[in-house]
Amino acid sequence: MPIQNTASEIDALEEKIFKKIRDYIPGKKLQKFKEAYEFSKNAHGTQIRRSGDPYLIHPLRTAEILADLRADEDTLVAGLLHDVVEDTTTPLPEIENLFGGTVSYLVDGVTKLSKMRYRERMEQRQIESLKKLFIHSARDLRVILIKLADRLDNMRTLSFIANDKKRKRIAKETIEIYVPIANLLGIGELHAELEDLCFSHLHPDEYKQLKQTIEENVEQRGFILDEMMQITQKELKINKIDAEISGRHKSLYSLYKKLQTKQTILNIDDITAIRVALPLRQDCYYVLGIIHRLFKPKIGRFKDYIAVPKPNGYQSLHTTVFGLDGSIVEFQIRTRYMHLEAEYGIAAHYFYKYSGNKEISALIQQRSNWIQRILEMQKDQNGSSSDFLENLKLDVFQDRIFVFSPKGEVFDLPVGASCIDFAYAVHSDIGSHASKAEINGTRFPVTATLGNGDTVNIITDKNYWPDLEWLNCAKTSLALHKIREFLKHASLGKKLESGRKHLEKEFSHIGRKMESELTSKRIKLIAEKLQRENLDEILTTIAEGDLHPKIILEIIYGQKEPGAETTSQTNRHLRKIDLKITGNNSSNQFAEITRTMNGLRVPVEKFAVDKPWHSNHHRCLLTVLIKDYSELSQVFESLEQLAFITSIKRRAGNKFLIILLILAAISVLVISWLTGYLKLLNTLL
Ligand code: MN
C-alpha cells in the first residue's frame, strides 16, 4: 500500500528543502521560492500521483534533487513549476508575470523536452536525435538539470506503475537517453542512481542477485577497509596532510556490465574503493607515493586521470594495491574540487559560485561557459571515444533545428529546412505527396521554413506531386535526392510543360516576355554554351532540376559582379563563417545587419551586397569572425529577428579541404602499408 502523504507532511518536506537551500544560499530571502511553492500547490490542487500521493510532492522532490545539486533560486523555482504548464491550465505568460523571464524560459524548455516521445525498438538514428535534442537545450544547462531531476524522481517512484510493459519502456528510455546525458555532464551521483534504478526494473533477477552478493562481500571486507582507512589516515596525519578518507561501493549496474566481460566477481578489484580527497593537485601525487609505501601496488593498475581526464571530464588517480589479509583494494585520490566535479559534474561549474569558496569560484570563473566545456571535453577525448561524443562533435553544434511530429517524434534537420525536408524525413511517400502543412496548428504551404521546436503535421494528397520549386526550399540531401528522382521520371510532355512554365516565370521577373526574348539566335547561343541540342532539351534539363532558369537569363543579358566592401579585421583565434543572407527590399536593411553585428560585438570581415537586377530580393554575403558555436547561434537568432530577412544560410566553405585531408590520410596509409610490405620483401630476399 502506498503511503499517503498528508498536507502537513508535504509542508514539512518543503520546510526541509528550504533549510537545505538556506545552507548554500545564505542571506537571501528566497521569497520567490516560497511563492512558487504556494503557486504550484494551488495549480496542482487535488491532482494525485500513481503512488496515491498528492501531485505536489513530485515537483517538491524535483526541487529537492536540484537543491542537492546546489541549484540557483530560478532553477529551484522552475523545478517547482515544471509540470504546471503541461498538466494544469496555467498559461506560460502567467508564469512569466509572476516569476520572471528566466523561470518561464526554463519551464518552457522543460515542457518542450517532455513533448518528445520515446518508443521501444526505436531506430538508433532516432535515439541519437533525442539525445541531441537534449544537448541542444544546453543553451541553458538548467533545463537539462531540471529534466534529469524530474526523471530521477519519476524513476524512484516507478514501481507504482502497475503495467509491466510501461514500466520497462520508461526504464529503457531512461537508460538510453537520460543516463548517457547525466554521464556526459559528469553528474556521477545522479548518473549512478538513475542507472541502478533502470537496472532494477530492466533485469530484476540479476539486480537482486548482484545486490545480495555485494552486501555479503561488503560484510566480509568491511572491517579490512576500515582498518586500511585508519592506517592511511594516520600516516597522512604524520605527514601533515589534510585529507578526507571515505569508502564507496561501485554502482551495481557498472558492476553488472563489468561482470559480462570478466567471468567472476572475484576478479573485480574495485567493488569497494577507498577515496582520498585532498586540497591541492600536487598533494595527490605525494599521497600516491605514501599509499604505495604502505601497500604494495598491483602492476599495471595505476591510472592517471588527472593528467589525462576521462571524456566527461572526470579526474582522479586510481591505483589498485594489495591490502590487508590478501585483499585487493582500489584507491581513488583527487582534490576536493575534482571530487565535487565527479559528484555534480557540470552543475559544479554552474552553481558552486554560491559556495563562497574562493578557490572554487576562481575555477568557475575560468570555465563558466558550459558549451565551451563540452567542446573542451571533446578535445580531451584522446582516442577512447564513444559514438555519442563522436556524433555530437559532427552534428550537434552545427546549425540544427529540432522539429516534432504530432505524435511527438523528434527529427533533427538543418537550419533553414522546410516542411518538405520534414515530410521526406518522416517517410518518402509523405514527402512525395505532401500538399499542405500545419505548423503549430496553423496552415502553411509545404515550402514554409521550419523553426526550432515546431510541431509539424503534413497533409498528403494522392494527386499532389513534387514540384520543381521544391528544390529551392529543400535543404536535406534526402529530400533533394528524392525530388530530383521524381522530376527525372516524369513524362517528356510534363517535363517540357514544366520547364517552359518556369523559364517564362523567370523572364516575367524582369518584366519581359519569353516568346519575344527567346529568339532562335539566342536559343542557338544558349544551346551551344550549355552543350544541349535544342530548346526542348534545355527545357527538359530545367524541369529535371539540373538547370536554373536564371542561368539562361544570365547567358542572354550577362552577369553583374557583386560589389564588395571589406573591413580590416584579423584575428587568428576566431573562425571565419560565411553567411548567405536573402532579404526583401527595404531602405536601410544593410545598415540594420551591420548594427546587429556591432551589437553582438561580432567582427565583420566582409560584407558583400549583391542585388540581381532581375530579382526582387537583395542578397548579401556576410563574413563574420566567430568565437564559438554559441556565438554563431546568437548571430542566427538576431538576424532572424530582422523582419526583412527571408533566409540565412551558412555557406559550406571547407568541404574541399576535408576531401583533401581524407585523401592525404588515405595516401599516408597506403604508403606506410607499402613500406611495410617492401621491408618484408627485403627480409625475405
Ligand atoms: Mn514532472
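Just so you know, ligand 1 is whichever comes first in the structure, and atom 1 is the first atom listed for that ligand.
Ion pairing of Glu244 with Arg275 is absent here, as no side-chain N (NZ or NE/NH1/NH2) approaches a carboxylate O to less than 4.0 Å. Arg443 has a carboxylate O that lies under 4.0 Å from a charged side-chain N of Glu438, or vice versa, which qualifies the two as a salt bridge. Under a 4.0 Å N-O distance rule, the pair Lys211/Glu206 does not qualify as a salt bridge. The pair Lys41-Asp11 counts as a salt bridge, with a side-chain nitrogen and a carboxylate oxygen less than 4.0 angstrom apart.
Asp83 contributes OD2 and His58 contributes NE2; the angle these two atoms make at the Mn ion (ligand 1) is 90°, rounded to 10°. Taking the Mn ion (ligand 1) as the apex, the angle formed with NE2 of His82 and OD1 of Asp150 is 90°, to the nearest 10 degrees.
Distances from the Mn ion (ligand 1) show that Asp153 has no N/O/S atom below 2.8 Å.
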